[in-house]
Amino acid sequence: MKSVKLVNNIKNLSGTLTIPGDKSISHRSVMFGALAEGTTTVTNFLSGEDCLSTISCFRKLGVEIKQEDETLIIHGKGFKGLVEPGEILDVGNSGTTIRLMLGILSGQSFFSTLVGDSSIAKRPMTRVTIPLKSMGASIDGRNNGEFTPISVRGGSLKGITYELPVASAQVKSAILLAGLQAEGETVIIEPSKTRDHTERMIKQFGGEVEVDNLTITVKGGQAFKATDVQVPGDISSAAFFLVAGAIVEDSEITLKNVGLNPSRTGIIDVMLSMGAELTISNEHPEAFEPMGDLTIKTSNLKGTTIEGDIIPRLIDEIPVIALLATQAEGVTVIKDAEELKVKETNRIDTVVNELKKLGANIEATSDGMIIYGKTPLTGGTVSSHGDHRIGMMLAVAALLSDKEVFLENGEAISVSYPSFFSHLDSLI
Ligand code: S3P
């Protein structure tokens, strides 16, 4: 197994970073640009492997997409202009690509097949295939449509009213994308508020969506108009540097143009409640996706409890919040986070096992974890297990260790943050 030596024993981090584009919004910008009529320009697109998988799927569906660095030009085809793909659609490691594509393809009368990597092959798809089948799509896959490969023949959908059994923006978005192509109205009721990038994108592209607290309604038969999309920086990527700045001694880091959509800012609330010296400036609340700059300084932290409705607002940040908690005085309890078990890895197990290897006092529970701080972190060999966020969390943990730390499977980081190591180096 290939391993790399991580930077360790760091006594100061300082500087300013512009965080790469938001992954969730980048995926959706390609999808909506493709489904709109006319030419859409996307700036600050995240050129990570996951979003490149979305581009490759749409090219196979007949959409012309030109990419130059972080700018995309998409020649949209409209909902009715996609063509039957001659090849299998490969989503790589991307859960957002496969689940949202299932929603889009459910409205298309042609045949298509989706596959992904070995992590995708284990992730549950019935959460989307069950509601999509009830709208009228023919979908099949291993274990009755639960796992890839999955094939779809869609068309002639009928709107549904659906109460989501899990708080998932991917499931909500898949049903919305199918609902936009269905006859009648589709109503979705969420158990807790999840990221609302799809709803914002529908409006940005000239469509209509009604949001009443946890109930979202769309009418079928809508058409989108091309527009320009500026993708804000990804708060889920910024999170690694927020935590690094808070736990490495003598540090001050500013992160520019970070997306501050309230459905994503749970990590800011948690860090502030733990005592972090975190400030927000240059806010642009008027943008279709709000953004601003974040500054973090070395902080004296205390433990906290993270549970309930805040969980979907920080679900992807829990690995790095667990690391943060190892450097806080007292106990941190993370509850109601069973969804971690079905992410790129089982993130309860991977976070607990890998942080333990570096000396953390952390235990797994059935729906989260308990972390006892503050503990010094030490050296060892750890693995990302092919999970980008686990890899970056461990690279931040290594900064504190006075002994060498080796990371196996570090290449997974390019799924969401190809420039992560060069950004880290620029702060040292
Ligand atoms: C995402 C939704 C979340 C999140 C994932 C991206 C999205 O997944 O964990 O990284 O772009 O809609 P779930 O919908 O499974 O909670």
Side-chain angles (χ1 to χ4, degrees), residues 20-32 45-46 48-51 53-54 91-104 116 119-120 122-132 146 162 164-177 188 190-202 216 229 231-232 234-240 259 261 263-267 289 309-321 336-348 350-351 367 386-393 412-413 415-417:
D22 185 278
K23 182 155 78 69
S24 292
I25 300 172
S26 293
H27 281 301
R28 287 160 171 83
S29 69
V30 176
M31 295 175 180
F32 279 77
F45 175 75
L46 171 66
E49 281 168 17
D50 265 14
C51 300
S53 296
T54 296
V91 305
N93 188 244
S94 176
T96 305
T97 308
I98 190 163
R99 295 202 176 109
L100 273 59
M101 291 299 301
L102 281 166
I104 293 167
S119 155
I120 281 291
K122 290 187 226 133
R123 298 184 67 185
M125 295 300 147
T126 37
R127 51 180 58 198
V128 286
T129 57
I130 289 174
L132 294 173
E146 183 163 21
Y162 193 69
L164 291 186
V166 281
S168 163
Q170 291 177 354
V171 180
K172 170 178 68 176
S173 302
I175 302 170
L176 285 174
L177 286 161
I188 300 168
E190 299 193 89
S192 305
K193 182 94 183 148
T194 64
R195 64 191 69 192
D196 64 356
H197 305 304
T198 301
E199 296 88 312
R200 286 173 188 256
M201 204 61 93
I202 292 174
I216 303 126
V229 177
V231 182
D234 197 330
I235 190 166
S236 299
S237 298
F240 298 100
N261 179 319
S263 64
R264 297 284 298 282
T265 49
I267 184 165
E289 285 281 354
D309 285 346
I310 199 170
I311 296 292
R313 295 179 55 231
L314 48 66
I315 187 75
D316 291 342
E317 290 64 76
I318 290 178
V320 81
I321 289 174
D336 304 322
E338 300 90 338
E339 275 294 299
L340 290 175
K341 294 180 184 169
V342 291
K343 293 295 174 189
E344 286 81 333
T345 54
N346 176 334
R347 286 187 178 157
I348 296 182
T350 47
V351 167
D367 66 346
D387 184 334
H388 53 127
R389 299 199 201 283
I390 302 296
M392 287 183 274
M393 179 275 283
I413 290 172
V415 156
S416 66
Y417 203 161

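As the structure lists them, so they are numbered: ligands from 1, and atoms in each ligand from 1. The first residue in the sequence is number 1, and the count goes up from there.
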Are any of the N/O atoms in [X] less than 3.5 Å from those in ligand 1?
| X | answer |
| --- | --- |
| Ser173 | no |
| Ala169 | yes |
| Arg389 | no |
| Arg195 | no |
| Asp316 | yes |
| Ser24 | yes |

Inset, instruction - Report the part of His27 in contact with ligand 1, treating N, CA, C, O as backbone and CB onward as side chain, heavy atoms under 4.0 Å; options are side chain, backbone, both, neither. - result: neither

Legend entry - Protein contact of atom 1 (C) of ligand 1 - nearest heavy atom, named by residue and atom, plus distance: Gln170 NE2, 3.6 Å

Inset, instruction - Measure the distance from atom 3 (C) of ligand 1 to every protein heavy atom, then report the residue, atom name and distance (to 0.1 Å) of the closest one. - result: Lys343 NZ, 3.8 Å

Legend entry - Partner of Ile348 under side-chain contact (heavy atoms from CB on, under 4.5 Å), chosen from Val351, Thr350, Asn346: Asn346

Inset, instruction - Say whether Arg28 and ligand 1 are in contact under the criterion: heavy-atom distance to a ligand atom below 4.0 Å. - result: yes

Legend entry - Glu190 backbone acceptor or donor facing Lys172 side chain under 3.5 Å: no

